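Since the model is a prediction, treat every value here as computed from it, not as a measurement. Side chains included, hydrogens not; waters and symmetry mates left out as well; all remaining heavy atoms used.
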Amino acid sequence: MSGPFEAAWEAIRNGLRRDLGARTFDHWLKPMKLTGFEEEKGMVQLELPSHFMADWVREHYSDRLRYAWRATVPSVREIDIAAAAGASRPALFIVGEEDVLPPTEQLTGTTSDSIGTPLENRYVFANFVTGTANEVAFNAARMMADTGVPMFSSLYIHAGTGLGKTHLLHAIGHEFLRQKPRSNVLYMSAEKFMYEFVSAMRERDTIGFKQKLRSADLLLVDDVQFIAGKEATQEEFFHTINEIIAAGHRLVISADRPPHELGAVDKRIASRLAGGLVTDLRQADLDHRRRIVSHKLAQMPQANMPQDVADFLAQRFSASIRELEGALTRVVAYSLLSKRPIDIAFAQETLADLLRHSQRRITIDEIQRSVCEHYGIRHAEMTSARRAREVARPRQVAMYLAKRLTPRSLPEIGRRFGGRDHTTVIHAIKRIKELRVADSELDSDVRSLLRKLES
């Protein structure tokens with residue numbers, strides 16, 4: 001191949017690695033070789049070491065590769081993805097009534113449809129450290145991943161950011177594929193669902209989109225709260241989950257709150273999701289966080305971290321497992337790169353910015369619960385449409401506190417209070433400010449709530 005094509009191929013490979021992530025790229029696309037270019041057809045020829053890999057890349061990445069080549073070398077119109085000469089097709093082994101691929105060729109770690117997102121190889125059950133905060137959700141996930149008859153029609157996992165929801169969804173997909181490699185597992189975020197649905201409408205191919213979704217043996221949808229307020233998307237999502245469950249297939253959903261607190265999400269969807277098993281992940285306690293650090297360090301044989309530093313990290317990063325693991329990775333990496341030993345001073349220096357931000361952060365959900373407890377109302381009233389004074393005033397107080405105690409924007413605060421407009425939040429803030437001056441009882445309520453939340 002000529003120099004320009006080789007240079008273009010190197011640039012395309014670098015872009016794919018950046019966009020797809022190192023793990024996905026290294027597993028599927030790194031082995032691909034540029035072997036030729038048919039000038040008459042404007043066709044670039046690419047080669048992979050096995051028929052299995054060629055078939056999979058052709059199905060999942062042919063469009064992306066074609067667009068990348070066209071953008072880089074205008075003379076390229078098509079691509080040809082083939083297996084290397086002499087590569088044999090993987091034989092099928094019969095196990096009972098199931099056709100499975102040989103262990104080296106299994107689909108574990110991938111999703112089987114191009115509208116989904118590949119599963120992350122690191123998110124497996126073996127890498128999930130359990131404790132009292134997550135053991136129920138973990139056991140429920142293991143049960144949902146078992147290819148026998150499921151005990152529940154759907155699984156709904158809710159938790160705050162960084163506590164392991166996404167890890168469990170990917171782990172379910174991996175285990176299901178391990179037990180049944182030729183099954184159709186589809187993982188996607190709610191935002192990806194919306195994007196694909198809108199794209200299908202734009203291309204007038206909603207039937208194809210629906211068929212791909214509803215043919216899934218296991219459908220995993222992450223962060224479902226993001227479909228709030230999107231009426232057309234919610235309608236399609238409702239029919240999709242209905243058909244998945246009715247067909248006896250498996251459905252796993254994650255969100256940042258329970259179904260009945262989804263606010264601007266269609267009540268039919270919330271009711272359907274609440275009909276399966278609903279479980280949560282809570283913040284890990286100190287002992288649990290210490291075990292997470294030990295587990296992570298066991299996967300880093302090059303790390304030399306004293307126990308007092310490990311305990312320091314477990315104590316200081318309590319809000320999110322993701323933040324804790326990120327802090328640990330940074331300390332180890334900086335130590336190796338700078339060739340400096342790890343001690344408390346080094347960890348504090350390396351994590352100075354994270355430590356400043358790891359101070360206790362108040363959430364809108366925490367504010368809502370505290371206000372509801374103070375005024376003796378149900379948490380669901382925070383997102384309800386009721387305007388009775390005994391409900392509306394506490395809701396306004398909660399909005400006021402959310403603006404004062406969190407960095408959330410007005411539109412985001414409105415969304416967390418049942419999809420209300422930002423002007424409603426502005427009105428609530430202004431009204432509580434006025435009442436604090438004129439109404440000593442309300443001012444006392446607000447002061448009491450501030451002390452409780454900031455303690």
Kindly determine whether E323 and R330 satisfy salt bridge (Lys or Arg N to Asp or Glu O under 4.0 Å), including the steps that lead there. CA-CA 10 Å; E323 288 184 357; R330 183 192 285 195; over 6 Å; no
Validation row: [X], [Y] side chains within 4.5 angstrom (heavy atoms):
| X | Y | value |
| --- | --- | --- |
| T363 | I367 | no |
| N121 | H174 | yes |
| I269 | L262 | no |
| M305 | L328 | yes |
| P259 | V278 | yes |
| I364 | R257 | no |
| I253 | L219 | no |
| L34 | F5 | yes |

Identify whether the distance between the nearest side-chain nitrogen and carboxylate oxygen of [X] and [Y] falls below 4.0 Å.
| X | Y | answer |
| --- | --- | --- |
| R369 | E366 | no |
| E196 | K192 | yes |
| E78 | R66 | yes |
| R77 | E38 | no |
| R289 | D285 | no |
| E135 | R282 | no |

Please report the interatomic distance [atom1]([X]) to [atom2]([Y]), rounded to the nearest 0.5 Å.
| X | Y | atom1 | atom2 | value |
| --- | --- | --- | --- | --- |
| M399 | H422 | CE | NE2 | 12.5 Å |
| M144 | L168 | CE | CG | 12.5 Å |
| S370 | D365 | OG | CG | 9.5 Å |
| Q368 | H379 | CD | NE2 | 4.0 Å |
| R272 | I244 | CZ | CD1 | 11.5 Å |
| L169 | L119 | CG | CG | 9.5 Å |

Taking all heavy atoms of [X] and all of [Y], pick out the closest pair and write down the distance.
| X | Y | result |
| --- | --- | --- |
| W69 | L46 | NE1-CD1, 4.2 Å |
| L186 | A216 | CB-CB, 4.1 Å |
| K180 | T147 | CB-CG2, 3.9 Å |
| A137 | L281 | CB-CD2, 3.5 Å |

Could you list all the salt bridge (Lys or Arg N to Asp or Glu O under 4.0 Å) pairs where at least one residue sits in residues 296-315, not counting sequence neighbours? R290-D311
For the pair [X] (side chain) and [Y] (backbone), establish whether a donor and an acceptor sit closer than 3.5 Å, ignoring hydrogens and angles.
| X | Y | result |
| --- | --- | --- |
| R420 | F417 | yes |
| Q45 | T35 | no |
| S183 | V185 | no |
| S254 | K165 | no |
| D205 | A200 | no |
| S335 | R340 | yes |
| N134 | G131 | yes |
| R17 | F25 | no |

[X] atom [atom1]: more than 12 heavy-atom contacts under 6.0 Å:
| X | atom1 | answer |
| --- | --- | --- |
| D287 | CG | yes |
| M151 | CE | no |
| Q302 | CD | yes |

Quick one: which of L351, T350, I344 gives a side-chain contact (heavy atoms from CB on, under 4.5 Å) with Q348? I344
Mind jotting down which residue pairs meet the ring-ring contact (aromatic ring centres under 6.0 Å, His included) criterion with at least one end in residues 121-142? Sequence neighbours excluded, please. Y123-H167, Y123-H170, F125-F138, F128-F138, F128-H167
The complete set of ring-ring contact (aromatic ring centres under 6.0 Å, His included) pairs with one or both residues in residues 324-349, sequence neighbours excluded, reads none
For E10, all residues meeting side-chain hydrogen bond (donor to acceptor under 3.5 Å, both in side chains), sequence neighbours excluded: none
Residues that F193 engages under ring pair (Phe, Tyr, Trp, His ring centres under 6.0 Å), provided they are two or more places apart: F209, F237
Any pair with a residue in residues 397-411 that passes side-chain hydrogen bond (donor to acceptor under 3.5 Å, both in side chains), sequence neighbours left out, goes on the list, sorted by first then second residue, please. Y400-R404, Y400-R436
Are side-chain N/O atoms of D223 and S189 paired as donor and acceptor at under 3.5 Å? no
For a quick check under 3.5 Å, do S199 and E203 share a side-chain donor-acceptor pair by atom type? no
